[in-house]
Amino acid sequence: MDDTSRRWLKHVTPNPLIATATAARQKAFAPFSHFQVGAALEAPDGTLIPGCNVESASYGLTICAERSAIFRGVCDGYRCFKRVAVVTDTDTPTPPCGACRQLLWEFAPDAEVLLANLKGDVVKYTVRELIPGAFDAKQLG
Ligand code: THU
């Protein structure tokens, strides 16, 4: 089994984190790209925090699902998350963008990342794998 196939879990048993991200995806506001993304974070106490992408007519002010979940979690008082799921309606699961990887590194450095699509494909990574050599507060001295 090669590295890629080891990451793929086809039709895993129902997973509450993925279910939360799937439900959040329905709330996405994506009138410009029509690309709806749902995310969910698991806090250390087990609380599941949903997020979805919210687009702006200015395009650049759009917020991704992953960051909307992180900011929501921080507003709720959490500072660290242990797992994250991202759900899209695509042939293969969608990886987080660079900006979201940076924020995940800062708020969930040890998290497991579950990337899923609506067909039930799930690919597993860790945040550490997705952003090697990351910039963070340590560089600020
Ligand atoms: N998007 C996310 O929500 N997460 C990502 O990691 C990649 C992109 C959103 C932003 C935008 O609303 C749409 O997908 C197309 O880029």
Side-chain angles (χ1 to χ4, degrees), residues 1-140:
M1 190 186 275
D2 67 19
D3 184 58
T4 310
S5 53
R6 224 180 312 112
R7 293 180 187 283
W8 282 75
L9 311 168
K10 188 100 179 152
H11 301 298
V12 286
T13 43
N15 175 310
L17 191 66
I18 293 175
T20 300
T22 303
R25 185 185 158 273
Q26 296 291 333
K27 309 267 175 58
F29 181 73
F32 307 109
S33 73
H34 305 290
F35 190 71
Q36 295 180 292
V37 186
L41 295 165
E42 185 178 330
D45 65 3
T47 300
L48 303 183
I49 300 147
C52 63
N53 54 329
V54 180
E55 297 187 345
S56 159
S58 75
Y59 289 28
L61 294 180
T62 291
I63 184 86
C64 292
E66 298 91 322
R67 276 175 292 150
S68 83
I70 291 169
F71 296 151
R72 182 178 190 157
V74 170
C75 288
D76 285 347
Y78 297 103
R79 293 291 181 268
C80 191
F81 308 98
K82 57 181 189 183
R83 288 201 302 158
V84 55
V86 183
V87 174
T88 52
D89 184 12
T90 46
D91 265 0
T92 55
T94 302
C97 78
C100 292
R101 291 179 196 212
Q102 175 67 30
L103 266 288
L104 285 167
W105 173 253
E106 293 181 58
F107 289 99
D110 298 315
E112 179 178 73
V113 182
L114 299 173
L115 307 177
N117 62 14
L118 298 184
K119 294 186 296 178
D121 301 315
V122 182
V123 194
K124 258 185 172 186
Y125 289 93
T126 61
V127 168
R128 220 166 270 284
E129 288 173 316
L130 292 176
I131 184 161
F135 172 85
D136 61 26
K138 286 198 290 293
Q139 274 78 42
L140 298 176

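Counting convention: from 1, in listed order, for ligands and their atoms alike.
- Interface of E55 with ligand 1, defined as ligand atoms under 4.0 Å from a residue heavy atom, comprises 11 (C), 12 (O), 13 (C).
- When the side chain to side chain donor-acceptor pair (under 3.5 Å) test is applied to D89, no partner is found at least two apart in sequence or on another chain.
- Contact record, P93 with D121: CG-O, 3.8 Å, taken as the closest heavy-atom pair.
- Residues forming a ring-ring contact (aromatic ring centres under 6.0 Å, His included) with F35 (at least two apart in sequence, or on another chain): none.
- Comparing heavy-atom distances from atom 10 (C) of ligand 1 across V86, V54, T62 singles out T62 as nearest.
- The closest donor-acceptor contact from the side chain of E55 to the backbone of S33 lies under 3.5 Å.
- Nearest to atom 3 (O) of ligand 1 among the protein's heavy atoms is A65 N, 2.9 Å.
- Atoms of ligand 1 found under 4.0 Å from any heavy atom of S33, numbered from 1 in the order shown, are 13 (C), 15 (C).
- Using modelled atom types, no side-chain atom of R83 and backbone atom of E42 make a donor-acceptor pair closer than 3.5 Å.
- Backbone and side-chain nitrogen or oxygen atoms of N53 are examined, and one is located within less than 3.5 angstrom of a nitrogen or oxygen of ligand 1.
- The distance from ligand 1 to the heavy atoms of E66 drops below 4.0 Å at these ligand atoms: 2 (C), 3 (O), 4 (N), 5 (C), 6 (O).
- Scanning all heavy atoms of the two residues, the minimum distance from D91 to N117 falls at O-ND2, 2.9 Å.
- Closest non-hydrogen pair, N53 versus V37, comes out as OD1-N, 2.9 Å.
- Considering backbone and side-chain N/O of C97, one or more are found under 3.5 Å from N/O of ligand 1.
- What sits closest to atom 14 (O) of ligand 1 on the protein, heavy atoms only, is F35 CD2, 3.3 Å.
- Checking atom 12 (O) of ligand 1 against the protein gives a heavy-atom contact under 4.0 Å.
- Using a 4.0 angstrom heavy-atom cutoff, P96 counts as in contact with ligand 1.
- A donor-acceptor contact shorter than 3.5 Å is absent between the side chain of R25 and the backbone of T88.
- The proximity of C64 to ligand 1, defined as any non-hydrogen pair under 4.0 Å, involves the side chain as well as the backbone.
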